[in-house]
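Single-structure report; data block below.
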Amino acid sequence: ASAGLAAAFNAPLAGVMFALEELHRNFSGVVLAPSMAAALLATMVSRYVFGRAPVFHFGMLPPFPLRYMWLVVILGIIIGLAGVVFNKGLLNIHYFYDLPVFRNNYMRIAFALCMAGVLGYVFPEVLGGGNDLVNSLYTLPLSLKLFAGLLIGKFLFTLVSYGCGVPGGFFLPMLVLGALTGGITGIVFVHLGLISSYYLSNIVVISMAAFFAASVQSPVTGTILIMEMTSSYEHLLVLCTASLVALVVAQLCQGEPIYEALLQRNLAKNKPVLSSEERRNLLELTVSSGSQADGKYIGRIAWPAHTVIVDVKRGSGDIIPDDDTCLRAGDFIYVLTDSVEGAESIRNIVEKT
């Protein structure tokens with residue numbers, strides 16, 4: 001995953017962070033070294049073939065003045081709400097395809113194909129991944145109708161194309177939706193006299209990071225990804241601020257991380273029949289400060305049945321665990337269990353605060 005993201009978007013650091021923050025869910029040294037090696041090698045191969053140019057081209061982005069930081073907070077709130085709507089749409093598009101008119105999978109695919117054909121004639125900008133659309137945003141007229149049409153068209157077609165069931169994704173379209181939402185918000189700011197149109201490209205870039213943080217709920221990955229995809233490394237402060245605000249808004253609205261929600265749905269839909277030999281889960285978890293395991297002896301923690309603490313890594317050393325081993329925040333523990341439910345219970349004990 002790290003190598004794939006790095007090669008696809010010319011973003012090696014974001015590839016590493018995606019593997020740690022979103023997939024593995026903790027900053028493990030065991031995962032860090034190989035994922036970093038994979039991302040760096042994939043990026044070198046990609047740059048050798050395709051060149052070093054970033055995915056998004058905005059020219060020279062001007063530094064974003066600190067006096068507009070309050071607008072970044074407002075932007076983060078708006079984008080956070082938009083990210084929640086996007087996730088709800090993806091998670092509920094199956095209700096549309098469950099309508100009686102779609103009698104089989106072929107009819108779902110045919111509907112998406114026909115919609116793509118119509119849009120190819122009347123609104124071709126919303127087709128494809130969307131990176132060309134983002135690159136052209138700063139050259140378009142500041143028209144709310146135009147940007148709103150692009151946003152609605154891209155949003156609906158992303159839902160239709162993803163929901164029809166053919167192999168595909170929404171990673172890049174998600175960033176495009178963030179850019180379009182930010183473009184609309186920026187135009188409103190300009191019309192209200194709150195900011196100069198000179199900084200509209202900055203708002204578009206900031207919105208992409210915030211939308212990723214709201215939808216995926218991985219703000220560090222989103223910030224680094226957009227910095228690398230736009231070569232806007234001087235925008236770290238505003239990207240972090242908008243991503244944090246959008247993440248808080250999404251969580252307050254009880255939004256679910258989109259990849260985790262889709263994974264849980266697929267697991268629930270396709271439960272495999274496992275033998276006793278296959279029903280084993282080896283987990284690497286980090287003891288969180290304030291969790292049920294923090295400062296507790298292993299023997300005094302109410303572990304689920306059929307749980308074995310295999311190893312405890314503290315700093316650069318390993319501790320052979322027994323009932324009198326006291327766990328501390330920051331410890332990596334390796335746990336063997338025999339069920340998904342048991343693994344989730346252990347994760348709640350060790351990592352939930």
Side-chain angles (χ1 to χ4, degrees), residues 5 8-11 14 18 53-59 61 75-76 78-90 93 112 115-116 119-120 122-164 168-187 200-219 221-232 235 239 242-243 246 250 258-259 262:
L5 183 65
F9 300 111
N10 200 5
F18 185 75
V55 176
F56 297 130
H57 307 281
F58 289 94
L61 287 170
L75 181 65
I78 296 172
I79 299 298
L81 295 173
V84 173
V85 173
F86 172 70
N87 286 11
K88 294 290 186 183
L90 276 183
I93 187 62
M115 186 172 180
L119 289 173
V122 299
F123 217 8
E125 293 84 1
V126 303
L127 300 180
N131 54 308
D132 291 334
L133 174 59
V134 173
N135 289 334
S136 65
L137 286 183
Y138 71 99
T139 65
L140 296 177
L142 301 185
S143 167
L144 281 176
K145 290 184 178 179
L146 175 60
F147 275 70
L150 290 171
L151 175 62
I152 295 171
K154 188 65 179 176
F155 175 68
L156 293 178
F157 184 66
T158 300
L159 299 186
V160 168
S161 61
Y162 180 80
C164 71
F170 53 84
F171 195 103
L172 188 55
M174 173 173 55
L175 300 180
V176 176
L177 289 172
L180 291 170
T181 307
I184 293 174
T185 307
I187 292 172
L200 185 61
S201 295
N202 300 70
I203 293 177
V204 169
V205 170
I206 295 167
S207 299
M208 286 192 288
F211 200 94
F212 184 94
S215 178
V216 183
Q217 298 195 9
S218 298
T221 300
T223 298
I224 295 176
L225 177 68
I226 298 305
M227 283 197 302
E228 291 188 296
M229 292 180 71
T230 60
S231 295
S232 56
H235 288 78
L239 289 174
S243 296
I258 186 61
Y259 287 115
L262 290 172

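The residues of the chain are indexed from 1 along the displayed sequence.
Take S161 and apply the side-chain contact (heavy atoms from CB on, under 4.5 Å) test, not counting sequence neighbours, and it matches F157. Under the side-chain hydrogen bond (donor to acceptor under 3.5 Å, both in side chains) criterion, T223 pairs with S243, sequence neighbours left out. Every residue was checked against the side-chain hydrogen bond (donor to acceptor under 3.5 Å, both in side chains) condition with S201, not counting sequence neighbours, and none meets it. Residues meeting the side-chain hydrogen bond (donor to acceptor under 3.5 Å, both in side chains) test with T181, sequence neighbours left out: none.
If you take CG on N87 and CD1 on I258, they are separated by 4.0 Å, rounding to the nearest 0.5 Å. Atom CD1 of residue I226 and atom CZ of residue F211 lie 11.5 Å apart, to the nearest 0.5 angstrom. A distance of 13.5 Å separates CD1 of I184 from NZ of K145, quoted to the nearest 0.5 Å. The line from CG of N202 to CG of L75 is 11.0 Å long, rounded to the nearest 0.5 Å.
Across all their heavy atoms, A246 and A214 have their closest contact at O-CB, 3.9 Å. When all heavy atoms are compared, the tightest approach of H235 to L61 is CE1-CB, 3.9 Å. Closest of all the heavy-atom pairs between L150 and L133 is CD1-CD1, 4.0 Å. Closest non-hydrogen pair, A250 versus Q217, comes out as CB-NE2, 4.2 Å.
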Solution key, residues 78-86 side-chain donor-acceptor pairs under 3.5 Å, sequence neighbours excluded:
none

Which donor-acceptor pairs under 3.5 Å do side chains of residues 170-180 form with protein atoms, sequence neighbours excluded?
none

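A distance-only check finds a donor-acceptor pair linking the side chain of E228 to the backbone of A14 [under 3.5 Å]. Between the S143 side chain and the L146 main chain, a donor and an acceptor come within less than 3.5 Å of each other. In this structure, the side chain of S207 engages the main chain of I203 through a donor-acceptor pair within 3.5 Å.
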Chi angles and distances behind the side chain to side chain contact (heavy atoms under 4.5 Å, CB included) call for M208, V134:
CA-CA 10 Å; M208 286 192 288; V134 173; 4.2 Å; yes
- request: Let me see the working for S218 and F212 under side chain to side chain contact (heavy atoms under 4.5 Å, CB included), right down to the final yes or no.
  value: CA-CA 7 Å; S218 298; F212 184 94; 4.2 Å; yes
**OP:** For V216 and T221, run side chain to side chain contact (heavy atoms under 4.5 Å, CB included): C-alpha distance rounded to whole Å, both residues' side-chain angles, the deciding distance at 0.1 Å, then the answer.
**Re:** CA-CA 9 Å; V216 183; T221 300; over 6 Å; no
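Side-chain contact between M229 and N10: absent, with no pair of heavy atoms (C-beta onward) separated by less than 4.5 Å.
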